[in-house]
Protein chains: 2
Amino acid sequence: MSKNTGYEEKLKKSGLKSTKSRKAILDILIKSNQPMAAEQIFIALKEENIDINLSTVYRTLESLENIDMVTKINIMDDDRMLFEYNMLGHRHYLICIGCKKILTIQNCPLGSYEKELENETNFAILGHKLYLYGYCSECQITQTNNK
Amino acid sequence: MSKNTGYEEKLKKSGLKSTKSRKAILDILIKSNQPMAAEQIFIALKEENIDINLSTVYRTLESLENIDMVTKINIMDDDRMLFEYNMLGHRHYLICIGCKKILTIQNCPLGSYEKELENETNFAILGHKLYLYGYCSECQITQTNNK
DNA sequence: CTACATGCAAACCGTTTGCACCCTA
DNA sequence: TAGGGTGCAAACGGTTTGCATGTAG
């Protein structure tokens with residue numbers, strides 16, 4: 001008897017059945033408030049004693065991506081995809097190179113720039129991704145100590 | 001007797017031997033002026049009748065990445081890494097969703113924004129990645145025709 | 001009751017690695 | 001000629017898929 005957070009509706013509206021797996025995975029993603037790898041989600045589920053097969057996690061994430069409830073990204077330029085709950089559609093990331101923490105940034109500095117670029121290039125620009133990299137305050141300290 | 005484009009020097013300076021493979025791969029990357037997947041490079045080499053093993057391509061790209069002559073990125077959020085010749089250090093991309101063409105953008109609209117964000121977040125920001133997505137002029141036409 | 005969802009195991013595919021041979025410096 | 005570079009084939013790891021079974025609507 002989990003509290004209805006509203007996404008069951010959205011699932012149904014999109015023609016997806018509202019199953020235990022889907023609700024559990026959405027819960028994890030929303031709670032974490034961070035992009036997560038499929039396996040991280042899998043582990044987080046296990047920690048709550050929810051047993052869902054890894055391939056089901058992948059399939060679920062794919063379904064949720066298809067109905068725009070989840071977005072798949074590759075932030076670190078490695079071979080692991082990350083998945084995040086698609087709350088607001090538009091967001092940017094500030095990533096700590098040290099501890100890998102990911103901050104979400106809501107305000108977007110690129111409003112007028114897209115227009116400019118459209119004129120220059122004749123592209124019809126639909127969106128963009130912006131990732132910023134650096135060291136968070138804690139990791140700046142650690143870094144200093146190690147040197 | 002290939003013309004010396006100057007990168008042989010840089011190889012040596014970095015302690016890497018100047019081999020046929022490394023020169024050929026750098027040539028391809030520079031010529032293409034686009035981020036390329038390892039296999040694309042492999043194919044491009046083959047088309048010039050240069051036979052280099054795929055794993056050598058990967059190893060070469062890794063070596064070149066280590067000395068900052070090449071950068072590895074994931075633009076399309078898929079499972080293929082792309083590699084590009086690291087000409088200027090700082091650049092952004094405008095990617096056509098239709099034909100997958102990638103334009104490189106030199107000027108960066110994020111100068112002051114990073115400072116702002118540093119103050120807000122206490123991060124020490126080292127850099128960022130900006131990818132813009134849309135349809136190029138040709139693909140806008142195609143799209144219209146297909147609808 | 002039926003179509004969609006899931007578990008399981010095997011396949012897949014881009015990438016990496018161990019080892020023997022090759023070639024640059 | 002020594003030590004890094006390369007080819008080859010096998011391993012690796014994240015992700016996908018085929019098939020039989022389970023379950024939401």
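Residue numbering restarts at 1 for every chain, and letters A, B, ... go by the order of the sequence lines.
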**Report entry** Criterion side chain to side chain donor-acceptor pair (under 3.5 Å) against B:Y93, the qualifying member of B:Q34, B:K129, B:E84
**Finding:** B:E84
**Report entry** Nearest-nucleotide 5' precedence on DNA chain C, B:L82 against B:S18
**Finding:** B:L82
Query raised in the report: What nucleic acid atoms does A:D51 come within less than 4.0 Å of, heavy atoms only: base, sugar-phosphate, or nothing?
Result: sugar-phosphate
Report task. Give the rounded distance in Å between these two atoms: CZ of B:R80 and P of C:dT16. Result -> 14 Å
**Report entry** Of the listed nucleotides D:dT6, D:dG5, D:dG25, the one nearest the side chain of B:S21
**Finding:** D:dT6
Query raised in the report: Can you tell me how far P of C:dA25 sits from NZ of B:K13, to the nearest Å?
Result: 16 Å
Requested in this report: Tell me which of B:A38 and B:T19 sits closer to the 5' end of DNA chain C, going by the nucleotide each one is nearest to.
Outcome: B:A38
Query - Most 5' of B:L16 and B:D79 on DNA chain D, judged by nearest nucleotide - result: B:L16
Requested in this report: Starting from P on C:dT24, measure out to CD on B:E8 and report it in whole angstrom.
Outcome: 12 Å
Report task. Quickly work out the B:L54 CG to D:dC12 P distance and round it to whole Å. Result -> 19 Å
Query raised in the report: Are any side-chain N or O atoms of A:R22 and backbone N or O atoms of A:K17, one a donor and one an acceptor, separated by less than 3.5 Å?
Result: yes
Query raised in the report: B:D77 CG to D:dT15 P: how many Å, rounded?
Result: 12 Å
Report summary line: Against the side chain of A:K17, the closest entry in C:dA25, C:dA3, D:dG7 is C:dA3
Report task. Using atom types as modelled and distance alone, determine if a side-chain donor or acceptor of B:E120 lies under 3.5 Å from a backbone N or O of B:L117. Result -> no
Report task. Using a heavy-atom cut-off of under 4.0 Å over every strand shown, decide if A:R59 touches base, sugar-phosphate, or nothing. Result -> base
Query raised in the report: Closest to the A:E39 side chain: D:dG14, D:dT15, C:dC8?
Result: D:dG14
**Report entry** Donor-acceptor pair (no angle test) under 3.5 Å: B:S55 side chain, D:dC8 base
**Finding:** yes
Requested in this report: Answer with base, sugar-phosphate or nothing: what part of the nucleic acid does A:K12 contact at a heavy-atom distance below 4.0 Å?
Outcome: sugar-phosphate
Query - Atom pair distance, as rounded to whole Å: CZ in A:F42 and P in C:dT6 - result: 14 Å
Requested in this report: Output yes when a side-chain donor or acceptor of A:T56 lies under 3.5 Å from a complementary backbone atom of A:I52, and no otherwise.
Outcome: no
Report summary line: B:I52 atom CD1 is separated from C:dC23 atom P, nearest whole Å, by 13 Å
**Report entry** side-chain N/O B:N53 vs D:dT6 OP1/OP2, d < 4.0 Å
**Finding:** no
Query - Out of D:dG5, C:dA25, C:dG7, whichever nucleotide has its closest atom nearest the side chain of A:T56 - result: C:dG7
Requested in this report: Check whether the side chains of B:N122 and A:Y135 place a donor and an acceptor atom closer than 3.5 Å, and report yes or no.
Outcome: no
**Report entry** Nucleotide D:dG14, atom C1' - distance to CE of A:M76 in whole Å
**Finding:** 17 Å
